[in-house]
Asker: 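Sending over a structure as structure tokens; questions will come in a sec.
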Amino acid sequence: VALWNLHALGQALLPLIGEPDVALAALEPYRTVFSQAMLARLCAKLGLSTRQELDAGLIDDLMTLMAKEHSDFTIVFRRLASFESDSNESASSESASNAALRDLFIDRAAFDAWAQRYAQRLRAEGSVDAQRAQRMNRVNPNVVLRNHLAETAISAARNGDFSEVQRLHEVLRRPFDEQPESSPYAAFPPDWARGIEVSCSS
């Protein structure tokens, strides 16, 4: 990903710089800076307050599992904040406290194996679940502007009804809050929304 971004950025700046080799050389530090920034961001999304050598592998394995299962990334990360790593429960991903998260994965064995590593990692840094949950909920949004939400609002607005645009705007002003009264906005996209593509010009 970092390499692709480096080349994409180089291509974008090429008309301003002129020489491809000069452009790539100027952007070379980006390769390291981007990777470090991305790792820090993802560690925050997992609630890790320290850095350990195996963190990148733990993160990569979760991202790979979610991609393989076509998981809803927003919902997975939000539910991950409620993950209980209590050693008295052996950090079992099958425990009632972690069932809502585990249910997001078809390959339960793969998730269980990852969850055990995650629990061990949290305990290794003395993580307190309640405090970690607060940190994670500040960086993992509960509501994002999904295509079907935008499409519904746009369709109504085209017919002169801007009420959904206003409601959506109000909900998105506080994307990290639970907002129980607006729970449908944080739910899984409906089946009919799978083929929706909303352009930037919509």
Side-chain angles (χ1 to χ4, degrees), residues 1-2 5 30 32-67 69-89 91-93 95-105 111 114-150 153 165-189 198:
V1 174
N5 278 278
Y30 175 83
T32 302
V33 171
F34 178 85
S35 298
Q36 292 174 346
M38 178 64 79
L39 180 59
R41 186 73 173 176
L42 290 171
C43 281
K45 291 180 74 65
L46 267 68
L48 304 178
S49 57
T50 61
R51 299 290 178 273
Q52 294 188 13
E53 184 178 352
L54 299 180
D55 289 348
L58 182 70
I59 292 169
D60 286 346
D61 289 345
L62 175 61
M63 301 296 284
T64 299
L65 180 59
M66 288 194 295
E69 300 226 352
H70 304 287
S71 301
D72 188 297
F73 281 37
T74 299
I75 292 177
V76 168
F77 278 116
R78 190 70 180 190
R79 290 191 186 179
L80 191 61
S82 300
F83 182 85
E84 293 193 4
S85 59
D86 190 343
S87 59
N88 292 328
E89 294 183 11
S92 173
S93 57
S95 66
S97 59
N98 294 327
L101 173 62
R102 187 176 188 257
D103 286 346
L104 297 176
F105 296 88
F111 172 74
W114 182 87
Q116 185 176 29
R117 291 165 55 203
Y118 180 53
Q120 291 172 348
R121 173 63 181 85
L122 293 174
R123 292 197 298 270
E125 69 176 22
S127 180
V128 177
D129 286 342
Q131 296 174 359
R132 173 181 52 82
Q134 290 180 349
R135 292 197 309 273
M136 292 177 69
N137 284 336
R138 287 195 295 266
V139 297
N140 293 312
N142 182 46
V143 180
V144 295
L145 181 57
R146 296 179 182 274
N147 284 347
H148 73 282
L149 298 177
V165 172
Q166 294 167 352
R167 280 193 292 270
L168 191 55
H169 178 260
E170 187 61 29
V171 170
L172 291 171
R173 288 180 61 191
R174 300 181 291 125
F176 298 98
D177 295 351
E178 284 295 331
Q179 305 186 62
E181 71 284 0
S182 303
S183 57
Y185 292 91
F188 289 98
V198 180

Asker: If I take atom CZ from residue Arg135 and atom OG from residue Ser127, how far apart are they, to the nearest 0.5 angstrom?
Answerer: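 Arg135 CZ to Ser127 OG: 5.5 Å, rounded to 0.5 Å.
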Asker: Taking atom CZ as the centre, does Arg51 end up with more than 12 heavy-atom neighbours from other residues, nucleotides or ligands that are less than 6.0 angstrom away?
Answerer: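 Result for CZ/Arg51: enclosed.
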Asker: Do Gln179 and Glu181 have side chains that get closer than 4.5 Å, going by heavy atoms?
Answerer: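 Sidechains of Glu181 and Gln179: in contact.
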Asker: Using 4.0 Å as the upper bound for N to carboxylate O, is an ion pair formed by Asp103 and Arg79?
Answerer: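 Result for this pair is no, no salt bridge flagged.
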Asker: Write down the atom of Leu168, the atom of Ala153, and the distance for their closest heavy-atom approach.
Answerer: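 Looking at all heavy atoms of both residues, the shortest contact is CD2-CB, 4.1 Å.
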Asker: What distance separates Asp61 CG from Trp114 CH2, expressed to the nearest 0.5 Å?
Answerer: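 Here the interatomic distance stands at 9.5 Å.
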Asker: State, yes or no, whether a side-chain contact exists between Tyr185 and Asn142 at a heavy-atom distance under 4.5 Å.
Answerer: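 No, side chains not in contact.
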Asker: Nearest 0.5 Å, please: how far is CD in Gln120 from CD in Gln116?
Answerer: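 Those atoms lie 5.0 Å apart.
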Asker: Using a strict threshold of under 4.0 Å (side-chain N to carboxylate O), is an ion pair present between Arg132 and Glu84?
Answerer: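 Salt bridge absent between Glu84 and Arg132.
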Asker: Give me the atom names and distance for the closest heavy-atom approach of Val139 to Ala44.
Answerer: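 It is CG2-O, 3.5 Å.
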Asker: So Phe105 and Phe111, would you call those rings parallel, tilted or perpendicular, with 30° and 60° as cut-offs?
Answerer: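 Taking Phe111 first and then Phe105, their aromatic rings lie parallel (interplane angle under 30°).
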Asker: Determine, step by step, whether Arg78 and Val76 satisfy the side-chain contact (heavy atoms from CB on, under 4.5 Å) criterion, reporting the C-alpha distance in whole Å, the side-chain angles of both residues, the deciding distance to 0.1 Å, and the verdict.
Answerer: CA-CA 5 Å; Arg78 190 70 180 190; Val76 168; over 6 Å; no
Asker: Check Arg146 against Pro189 and note the closest heavy-atom contact, atom names and distance.
Answerer: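 Looking at all heavy atoms of both residues, the shortest contact is NH1-CG, 3.6 Å.
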Asker: Does any part of the side chain of Tyr118, heavy atoms only, come nearer than 4.5 Å to the side chain of Leu62, both counted from C-beta?
Answerer: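 Answer no - side chains too far apart.
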Asker: Could you check if a side-chain atom of Asn140 sits within less than 4.5 angstrom of a side-chain atom of Leu80, using non-hydrogen atoms only?
Answerer: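 They are not in side-chain contact.
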Asker: Please name the pair of heavy atoms, one in Glu125 and one in Thr50, separated by the smallest distance, quoted to 0.1 Å.
Answerer: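 Answer, listing the atom of Glu125 first, then Thr50: OE1-OG1, 2.5 Å.
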Asker: With side chains defined as the heavy atoms from C-beta onward, is the minimum distance between Leu149 and Val144 less than 4.5 Å?
Answerer: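 Of all side-chain heavy-atom pairs linking Val144 with Leu149, none is under 4.5 Å.
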Asker: Give, for atom CG of Leu104 and atom CG of Leu65, the distance between the pair rounded to the nearest 0.5 Å.
Answerer: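 With rounding to 0.5 Å, CG (Leu104) is 10.5 Å from CG (Leu65).
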Asker: Indicate yes or no: at least one non-hydrogen side-chain atom of Gln36 is less than 4.5 angstrom from one of Arg41.
Answerer: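 No, side chains not in contact.
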Asker: Nearest 0.5 Å, please: how far is CG in Leu42 from CG in Leu58?
Answerer: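 Leu58 atom CG to Leu42 atom CG measures 11.0 Å (nearest 0.5 Å).
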Asker: Work out which heavy atom in Ala133 is nearest to a heavy atom in Ala81; give both atom names and the distance.
Answerer: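 Smallest interatomic distance, heavy atoms only, reads CB-O, 3.2 Å.
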Asker: So, are Arg121 and Asp55 salt-bridged, with charged N and O less than 4.0 Å apart?
Answerer: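 Yes, charged N to carboxylate O under 4.0 Å.
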Asker: So do Cys43 and Ile59 actually touch side chain to side chain, heavy atoms under 4.5 Å?
Answerer: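 Ile59 vs Cys43: side chains touch.
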Asker: Checking Phe83 against Asp129 for the side-chain contact (heavy atoms from CB on, under 4.5 Å) test, could you report, in this order, the C-alpha distance in whole Å, the side-chain angles of both residues, the deciding distance, and whether it holds?
Answerer: CA-CA 7 Å; Phe83 182 85; Asp129 286 342; 5.8 Å; no
Asker: Looking only at heavy atoms, which two atoms of Ala56 and Leu39 are closest? And how far apart?
Answerer: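 Shortest heavy-atom separation between Ala56 and Leu39 comes out as CA-CD1, 4.1 Å.
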Asker: Using 4.0 Å as the upper bound for N to carboxylate O, is an ion pair formed by Arg173 and Glu170?
Answerer: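 Arg173 and Glu170: salt-bridged.
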Asker: Taking atom CG of Asp177 and atom CG of Asn137, what is their separation to the nearest 0.5 Å?
Answerer: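 Asp177 CG to Asn137 CG: 9.5 Å, rounded to 0.5 Å.
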Asker: Are Val143 and Phe176 packed together at the side-chain level, in the sense that at least one heavy-atom pair is separated by less than 4.5 angstrom?
Answerer: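 Not touching, per the 4.5 Å side-chain cut-off.
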Asker: Could you go step by step and tell me if Phe77 and Met66 meet the side-chain contact (heavy atoms from CB on, under 4.5 Å) rule?
Answerer: CA-CA 10 Å; Phe77 278 116; Met66 288 194 295; 3.7 Å; yes
